[in-house]
Asker: 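Next up is a structure, given as structure tokens.
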Protein chains: 2
Amino acid sequence: MESESALKGLSALAQEARLSVFRLLVKAGPEGMAAGEIARHLAIPANTLSAQLTVLSNADLIQARREGRSIIYAVRFETMRDLLIFLTRDCCAGHAEVCAPLAEIALRGCSAGTGDKDETPARSCCS
Amino acid sequence: MESESALKGLSALAQEARLSVFRLLVKAGPEGMAAGEIARHLAIPANTLSAQLTVLSNADLIQARREGRSIIYAVRFETMRDLLIFLTRDCCAGHAEVCAPLAEIALRGCSAGTGDKDETPARSCCS
DNA sequence: TCATTGATTCCAGAATTATGGAAATATAGC
DNA sequence: GCTATATTTCCATAATTCTGGAATCAATGA
């Protein structure tokens, strides 16, 4: 990922509502969640949410598919992975105090959880 | 790191000039770089750069110290580490396709480089 | 075809962020 | 104290982003 895409991704996530949407979609996993359901969850007007989903889509962080009358959004994990790798290389290069703890988190992976009090139990992964 | 700090960090990095400044400071390492030198490197007017450095400082991503007439800025790696961990937990939870490659990068650490053609040789780290 | 539901687009006003000229502040050397 | 250098603050303008009402589009079912 070059810095232009990274910038798009960062900008997309750098807003409260959009970060919430993204976090919700991460929880929802590959099956995703319908726009309306997201709107209900986060109490955002449909048209406002739509604009925010467009920003996330343009950054390639999420992906839409139609299912009946609903449009289902799901995270594109490859993009998020690439963004994380970009940032890690940018700030890790030469600095063990960043690399090491991050590696540990990534290895332990999901078992760590998000720290939210309302979080759902983590699934097993990262063999 | 809670989402408010993460948001600050993301916003700070979500701008072309600021991302460049940050990347430059990462390269510069703990010794940091004087504001004027940054400005010369990136061809940004001093006062504009100053505003951008303020944003990065407020997000705690960089730290200033005075040295004679110069003010030296250096990356705060703990903050960047926390931001990366926040993002990793947010998007890695349950998804090996994100965790695994990221863990590998973090373990190999700096040896990977940034991919830029003008990058300096990576230093050894991450034993 | 018509009504309903789910979602988007259009648009304009509000809010925030970015930029840089001019003036001010801080340090150093003479 | 005076001058030069390094940087910041003040301030106004420009640019961008955010928000939501109203209208529109798409799919479903009767």
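Lettering of chains follows the sequences in order, A, B, ..., and the numbering in each one begins at 1. Values in this document were obtained by computation on a predicted structure and should not be read as measured data.
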Asker: Polar pairs (N or O, both sides) under 3.5 Å between protein and nucleotides 6-8 of chain D?
Answerer:
{"residue": "dT7(D)", "atom": "OP1", "partner": "Ala35(B)", "partner atom": "N", "Å": "3.3"}
{"residue": "dT7(D)", "atom": "OP1", "partner": "Gly36(B)", "partner atom": "N", "Å": "3.4"}
{"residue": "dT7(D)", "atom": "OP1", "partner": "Ile71(B)", "partner atom": "N", "Å": "3.3"}
{"residue": "dT7(D)", "atom": "OP2", "partner": "Gly36(B)", "partner atom": "N", "Å": "2.6"}
{"residue": "dT8(D)", "atom": "OP1", "partner": "Tyr73(B)", "partner atom": "OH", "Å": "2.2"}
{"residue": "dT8(D)", "atom": "OP2", "partner": "Ser50(B)", "partner atom": "OG", "Å": "3.0"}
{"residue": "dT8(D)", "atom": "O5'", "partner": "Ser50(B)", "partner atom": "OG", "Å": "3.2"}

Asker: Nearest 0.5 angstrom please: Asn58(A) CG to Leu53(A) CG, how far?
Answerer: 11.0 Å
Asker: Separation of Asn58(B) atom CG from dT9(D) atom P, in whole Å?
Answerer: 10 Å
Asker: Would you find a donor on one side and an acceptor on the other, under 3.5 Å apart, between the side chain of Ser20(B) and the backbone of Glu16(B)?
Answerer: yes
Asker: Are Met80(B) and Val55(B) connected in a single hydrophobic cluster, I mean Ile/Leu/Val/Met/Phe/Trp/Tyr linked by side-chain heavy atoms less than 4.5 Å apart?
Answerer: no
Asker: If I take atom CG from residue Leu102(B) and atom CG from residue Leu84(B), how far apart are they, to the nearest 0.5 angstrom?
Answerer: 7.5 Å
Asker: Nucleotide range of DNA chain C contacted by chain B, 5' to 3', under 4.0 Å to a heavy atom?
Answerer: dA18(C) to dA28(C)
Asker: By nearest heavy atom, map Ser11(A) and Thr54(B) onto DNA chain D; which one lands nearer the 5' end?
Answerer: Thr54(B)
Asker: How long is the gap from CG on Leu56(B) to CG on Leu61(B), to the nearest 0.5 Å?
Answerer: 6.0 Å
Asker: Check Ile72(B), Val21(B), Val75(B), Ile38(B) against Met33(B) for a side chain to side chain contact (heavy atoms under 4.5 Å, CB included) and give me the one that passes.
Answerer: Ile38(B)
Asker: Are any of Gln15(B)'s side-chain N or O atoms less than 4.0 Å away from OP1 or OP2 of dA15(D)?
Answerer: no
Asker: Apply salt bridge (Lys or Arg N to Asp or Glu O under 4.0 Å) to the pair Arg108(B) and Glu104(B), showing each step before the final yes or no.
Answerer: CA-CA 6 Å; Arg108(B) 278 195 292 136; Glu104(B) 201 194 324; 3.7 Å; yes
Asker: Between atom CG in Leu10(A) and atom C1' in dT17(D), what is the gap in whole Å?
Answerer: 16 Å
Asker: Given salt bridge (Lys or Arg N to Asp or Glu O under 4.0 Å), test Glu67(A) with Arg65(A) step by step and report yes or no.
Answerer: CA-CA 6 Å; Glu67(A) 221 164 79; Arg65(A) 67 175 192 275; 3.1 Å; yes
Asker: Whole angstrom is fine here: how far is it from CD1 in Ile44(A) over to P in dC18(D)?
Answerer: 12 Å
Asker: Give a yes/no answer on whether the side chain of Arg18(A) brings an N or O atom under 4.0 Å of OP1 or OP2 in dC18(D).
Answerer: yes
